[in-house]
Amino acid sequence: MTKSINSLPEAKPEKKLENLWEQELLARPHPQTETDEKDGAGQGFLESFNLKPHELVAYLDQYIVRQDKAKAVLATKICTHFNRARYLARGPAADPADEVGLIKNNILLIGPTGVGKTYLIKLIAARLGVPFVKADATKFSETGYVGGDVEDLVRELVREAGGDMEKAKYGIIYLDEIDKIASSQGILGPDVSRAGVQRALLKPMEDTTVSLKAAHDPVSQIQAIEQYRRTGKVETPTLSTRHVLFIMSGAFNGLAPIVKERLHKKSVGFAARGAEWERDEDYLKQATSQDLVNFGFESEFIGRLPVTAVLESLGAEDLLTIMQNPNNPVMLSKRRDFAAYGITLHFTEDALKLLAAQAAKLGTGARALVSVLEAVLTPFERELPAHPHITSLLLSTQVVEDPDKALAALLANPHAQAEELSLALAQNTGLLLRHLEERAGSDGLEQDYQQAVVDEYMASTLSMNHAVKTILSRLKAIDSFEQEFGASQELTIKLDTSARQAILSKGQGTVEFLSGLSQVLAPGLNLVRGRLGQTSFTLPSLAIFDTDNYLRQIFERHYQKNC
């Protein structure tokens, strides 16, 4: 009667980008919209920017463990920064004096290594879709000293914006290790350069015009000479830093004792013990501008960092939560390492607890997770690619406790982990489904399609957020198929939940699969219309994968009803 979908050729997989991490970033929502050339990309970004602080916090919660206070401060001040820029751009012409003394929400992040300072800022820049430049503060020096010029940061921002000046005007410059340019009181030599870097940053942090042609850049000089030969004019492009946001971070070892001493002196004479804490971070939360000046910063420099956020150190439970987070780059990276050899990596919860305890002892935060994972998995990563019949590896407690013994057992018996692997897969699926339930409603994904997201996550080695976006995209393709098929055949069709789930289970190549499905359904549904006059159909999974049987049932029900 009609062709079956099972007789169609296999759908071709969707085209992948070579860089999987790039694919994930491209899938994230960016707030830019297309505008005419007159407005420019930067102005288009401002016009479409309407992100609220609570929305940015919710986004960061999907990736960052703890740090609630820091996430709230960052989300609030960054959203306010760009929303205010949009407000000013839309407003009527004002007195030029109104712009004098404009205070920017430049931010100082304080926290130990490995707590997610850089990761936080990169996530925010990716979510906003703004140019982002990261640099180590120690590599810059005051103009005139050997080393990088701080104005190079602004020039790099323009390069990150693809030369789009309007877009670069609203970029983010992130300086790490900023505590390393604090000068020691009464010491000359290198500290002169450190103080000089602070002074060199003052104007860019506030509002200045930076020449984009650096005197020490031979490429810029050659371009200027060529331009002069062509036009007889010397043009020097510049960029204002009025709306460029500066975010700086550092561990600030040595700041806690300064705060502790101040608090202790304050309590003397009042018969009070004052605040006493065991952890340095509790003192860092009480740090004032004067404490930072005493640490070695210029008062003018600290004055241009009006917002401060302190990040907390991470314990074993936090590190375990990080590894269990399906969006975390640590475990995703290792899954990709093994996937590159055709090996799927799974884990047990007990193994992750053991790894988290080991990492916590190293005291370097989330970075320690990479160290302990590499120590355990490197032998497997070295040996398993030579055994193509081994296509899966379970990171179990036995593997963590004695990697060499576990590797020898696996090589001797490739099925040694089969039973434990089956249990781990069920456990991991349960964890992933609970994660999706916790974020239910935040991304428009219905509960009926959560299993499809889990399957995509397992297969793609990309983040859970990317898996959600992929499934939503495929569901949208199904919606489009319903509309286009109905319009072309003058019929009304609706694929029910079972049909949609069945199509999603096919994995990649949804568009190609639906194209083939159109060829199968059209003759059969038109046959029903011609004989029975039916023009509206709600299609179950049976109609997709056994169309002949589905059509037979329609005719049988019709004749039984009319007999």
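Along the sequence shown, residues are numbered consecutively beginning with 1. Side chains included, hydrogens not; waters and symmetry mates left out as well; all remaining heavy atoms used.
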* State whether a side-chain donor-acceptor pair under 3.5 Å links E177 with T138. => no

* Asked: What distance do T547 atom OG1 and L539 atom CG have between them, rounded to the nearest 0.5 Å?
  -> 9.0 Å

* Indicate the ring-plane relationship of F252 and F295, choosing parallel, tilted or perpendicular according to the 30° and 60° boundaries. => tilted

* **CE on M248 to CG on L175, rounded to 0.5 Å** => 5.0 Å

* Do the charged groups of K139 and D136 touch, with an N to O distance under 4.0 Å? -> no

* Does E317 CD have over 12 foreign heavy atoms under 6.0 Å away? -> no

* H387 and H389 aromatic ring geometry - parallel, tilted or perpendicular at 30°/60° bounds -> perpendicular

* Does Y457 have R335 sitting over its ring (NZ/CZ under 6.0 Å from centre, angle to axis within 45°)? -> yes

* Donor-acceptor pair between D455 and Q451 side chains, under 3.5 angstrom -> yes

* To do: Looking only at non-hydrogen atoms, find the nearest pair between G171 and L157 and report the distance.
  => CA-CD2, 4.0 Å

* Can you find a pair of side-chain heavy atoms, one from F347 and one from N428, that are under 4.5 Å apart? -> yes

* **Between D350 and T397: side-chain donor-acceptor atoms closer than 3.5 Å** => no

* **L123 CG to Q62 CD distance, which is reported to the nearest 0.5 Å** => 10.0 Å

* Y59 side chain to N465 side chain, donor-acceptor N/O pair below 3.5 angstrom -> no

* Atom NZ of K52 with >12 non-hydrogen neighbours under 6.0 angstrom -> yes

* Do other residues, nucleotides or ligands put more than 12 heavy atoms under 6.0 Å from E383 CD? -> yes

* **Point-to-point distance, once rounded to the nearest 0.5 Å, from CD1 of I172 to CZ of F82** => 4.5 Å

* **Gap separating the CZ atom of F485 from the CG atom of L521, nearest 0.5 angstrom** => 5.0 Å

* Starting at CD1 of I493, measure out to CD of E484 and round the result to the nearest 0.5 Å. => 10.5 Å

* In a check of salt bridge (charged side-chain N to carboxylate O under 4.0 Å, His left out) between E312 and each of K69, K285, K117, which one passes? -> K285

* Tell me, which pairs form a side-chain hydrogen bond (donor to acceptor under 3.5 Å, both in side chains) where one or both residues lie in residues 361-379, sequence neighbours left out? -> T113-R367, K334-E374, E374-T378

